[in-house]
Novice: 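First the structure, then my questions, so here it is.
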2 protein chains.
Amino acid sequence: MIGDRWKLLILRDLALKGARRYRDFLEAGEGIATNILASRLIQLEAAGIVNRQQDPENAARTIYSLTPKGVDLVPVLLAMIAWSAQWDPETEVPVRFERALKRNPKALAKEIRDELPKPVGE
Amino acid sequence: MIGDRWKLLILRDLALKGARRYRDFLEAGEGIATNILASRLIQLEAAGIVNRQQDPENAARTIYSLTPKGVDLVPVLLAMIAWSAQWDPETEVPVRFERALKRNPKALAKEIRDELPKPVGE
DNA sequence: ATTTTGAACTTGCAAATTGCAAGCGTCTCA
DNA sequence: TGAGACGCTTGCAATTTGCAAGTTCAAAAT
């Protein structure tokens, strides 16, 4: 399910970069095509990993968020980031983040979970 | 680099299923095509994640193994397995393994590392 | 010494997936 | 009521995948 470049990047944006809207993903830097983004969001929603909801403040907008099943992927993302930080010189990880990750990954995962925007209506 | 279905499965086979030869991957059950397997092994080798060596006991054979960079991906694999065990009823994880994974993932990672076949000549 | 087997690929080609550009439908705000 | 913004969908060319059928080279069998 997750062995797919784009889905992992979408999840990273949701979990760690505060992305919540279609535009956020499109503009996240890696250059996902709009049709691919739409298809991946559908697949992630079908898999119960992300929620799609209308913004109650503006019906023209959609808000995406992680389900509990999606939140539970945070440790996977963190493990990948830890590996990249160590082995891939092109990956830029904030020093503070990298340190927290090495010292106490569980605590960092909890911190991220707590700071996640909640799905509308909770 | 790793956001690719087949590479992740190859790494899983190398790290957790004792796969060491081309045939092992081909027959691992998921049905990778032989041309795709060859291309993925080339990419993994180019990325410094796997070693390719001739079997000293039989020059017709090739032995694949994880480099240190590849071994460091074990925690990523374990995080994915933990998630699958919890959320995907189709994923079958041995109970002993799942328990060890929940209780002390670091210790399990070390155990796996220690049991890994070493590259030829070490 | 020659043939056969087995392991690790390579090649050709059809089918599926991706990426790009353009367009569409709905909602908001002036 | 008209102009944007937003979240998509569509069409099409280019890339990637999957399958089947070779090919190469070392080892084992005859």
Side-chain angles (χ1 to χ4, degrees), chain A residues 1-14 17-67 70 117 119-121, chain B residues 1-14 17-67 70 117 119-121:
Chain A
M1 175 64 202
I2 283 172
D4 165 344
R5 176 181 172 193
W6 294 120
K7 275 180 275 196
L8 281 168
L9 291 173
I10 290 169
L11 291 171
R12 178 206 60 184
D13 291 342
L14 272 173
K17 301 211 165 178
R20 287 150 47 88
R21 304 216 320 272
Y22 199 82
R23 291 288 146 151
D24 296 336
F25 305 118
L26 273 186
E27 292 160 8
E30 276 87 0
I32 185 171
T34 171
N35 54 344
I36 305 296
L37 174 57
S39 90
R40 292 308 179 276
L41 287 170
I42 287 168
Q43 292 171 23
L44 287 169
E45 195 189 359
I49 292 171
V50 313
N51 292 314
R52 177 195 316 250
Q53 293 169 299
Q54 220 180 42
D55 185 337
E57 293 171 10
N58 181 337
R61 293 183 172 186
T62 308
I63 290 180
Y64 292 95
S65 59
L66 290 170
T67 63
V120 176
Chain B
M1 175 62 202
I2 283 171
D4 165 345
R5 175 180 174 194
W6 294 120
K7 275 180 274 195
L8 281 169
L9 291 172
I10 291 170
L11 292 171
R12 178 205 61 183
D13 291 343
L14 271 173
K17 301 210 163 179
R20 287 151 43 91
R21 305 215 320 273
Y22 198 82
R23 290 287 145 152
D24 296 335
F25 304 117
L26 273 187
E27 292 160 9
E30 276 88 2
I32 184 170
T34 172
N35 54 344
I36 305 295
L37 174 55
S39 89
R40 292 309 179 274
L41 286 171
I42 288 168
Q43 292 171 22
L44 286 169
E45 195 189 1
I49 293 171
V50 313
N51 291 314
R52 176 194 316 250
Q53 293 169 299
Q54 221 181 42
D55 185 337
E57 293 172 9
N58 181 337
R61 293 184 173 186
T62 308
I63 290 179
Y64 293 94
S65 59
L66 291 170
T67 63
V120 176

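Please read all numbers here as calculations on a predicted model, not as lab measurements. A, B, ... follow the sequence lines: proteins, then strands. Residue 1 opens every chain.
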Novice: Select from Asp4(A) and Tyr64(B) the residue whose nearest nucleotide in DNA chain C is closer to the 5' end of that strand.
Specialist: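 On the 5' side of the pair lies Tyr64(B).
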Novice: Take the protein atom CD1 of Ile42(B) and the nucleotide atom P of dC9(C), then report the distance between them rounded to whole Å.
Specialist: 8 Å
Novice: Testing the basics here: between Arg20(B) and Pro117(B), what is the closest heavy-atom pair and its distance to 0.1 Å?
Specialist: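 What the structure gives for the nearest pair is NH1-CB, 3.4 Å.
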Novice: Is there a donor N/O on one and an acceptor N/O on the other, under 3.5 Å, for the side chain of Arg21(B) and the base of dA8(C)?
Specialist: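 No.
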Novice: In Å and rounded to the nearest 0.5 Å, what is the CG to CD1 distance from Leu26(A) to Ile32(A)?
Specialist: 7.5 Å
Novice: Rounded to the Å, how far apart are Asp24(A) CG and dG7(D) C1'?
Specialist: 12 Å
Novice: Hey, could you give me the CD/CD1 distance between Gln43(A) and Ile10(A), rounded to the nearest 0.5 Å?
Specialist: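 Here the interatomic distance stands at 9.0 Å.
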Novice: Could you check how far CG of Asp55(A) sits from P of dG7(D), rounded to whole Å?
Specialist: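 Computing the Asp55(A):CG to dG7(D):P distance gives 9 Å.
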Novice: For a quick check under 3.5 Å, do Tyr64(B) and Arg52(B) share a side-chain donor-acceptor pair by atom type?
Specialist: yes
Novice: Using only side-chain N and O atoms of Trp6(A), determine if any of them is under 4.0 Å from OP1 or OP2 of dG19(C).
Specialist: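 For Trp6(A), the contact criterion (side-chain N or O under 4.0 Å from OP1 or OP2 of dG19(C)) is met.
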Novice: Does Arg61(A) place a side-chain N or O at less than 4.0 Å from the phosphate oxygens OP1/OP2 of dG4(D)?
Specialist: no
Novice: Tell me which nucleotide among dG11(D), dA20(D), dC19(D) gets nearest to the side chain of Asn35(B).
Specialist: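 Comparing dG11(D), dA20(D), dC19(D) against the side chain of Asn35(B), the answer is dC19(D).
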Novice: Which nucleotide wins on minimum distance to the side chain of Thr34(A), given the candidates dA22(C), dC27(C), dA8(C)?
Specialist: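 When the side chain of Thr34(A) is considered, dA22(C) is the closest of dA22(C), dC27(C), dA8(C).
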Novice: Spell out, as yes or no, whether a donor-acceptor pair under 3.5 Å connects the side chain of Thr67(A) to the backbone of Ile49(A).
Specialist: yes
Novice: Please give, in whole Å, the distance from dC9(C) P to Leu26(B) CG?
Specialist: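 For the pair Leu26(B) CG and dC9(C) P, the rounded distance is 10 Å.
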Novice: Side chain of Asn58(B), heavy atoms from C-beta onward: which of dA26(D), dC27(C), dC8(D) has the nearest atom to it?
Specialist: dA26(D)
Novice: Quick check for you: among dC27(C), dG18(D), dG7(D), whose closest atom lies nearest to any side-chain atom of Ala33(B)?
Specialist: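 Side chain of Ala33(B) sits closest to dG18(D).
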Novice: Does Gln54(A) or Arg5(A) map to a spot on DNA chain C nearer the 5' end, using the closest nucleotide for each?
Specialist: Arg5(A)
Novice: Rounded to the nearest angstrom, tell me the gap between atom CG in Leu37(B) and atom P in dA8(C).
Specialist: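 It is 10 Å, rounded to the nearest whole Å.
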Novice: What integer distance in Å separates Ile36(A):CD1 from dT10(D):P?
Specialist: 14 Å
Novice: What's the CD1-C1' distance between Ile32(B) and dC19(D), to the nearest Å?
Specialist: 13 Å
Novice: Decide yes or no, distance alone: a donor-acceptor N/O pair under 3.5 angstrom between the base of dG7(D) and the side-chain of Arg23(A).
Specialist: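 Such a pair is found, so the answer is yes.
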Novice: Starting at CZ of Arg40(B) and ending at P of dT17(D), how long is that distance when rounded to a whole Å?
Specialist: 4 Å
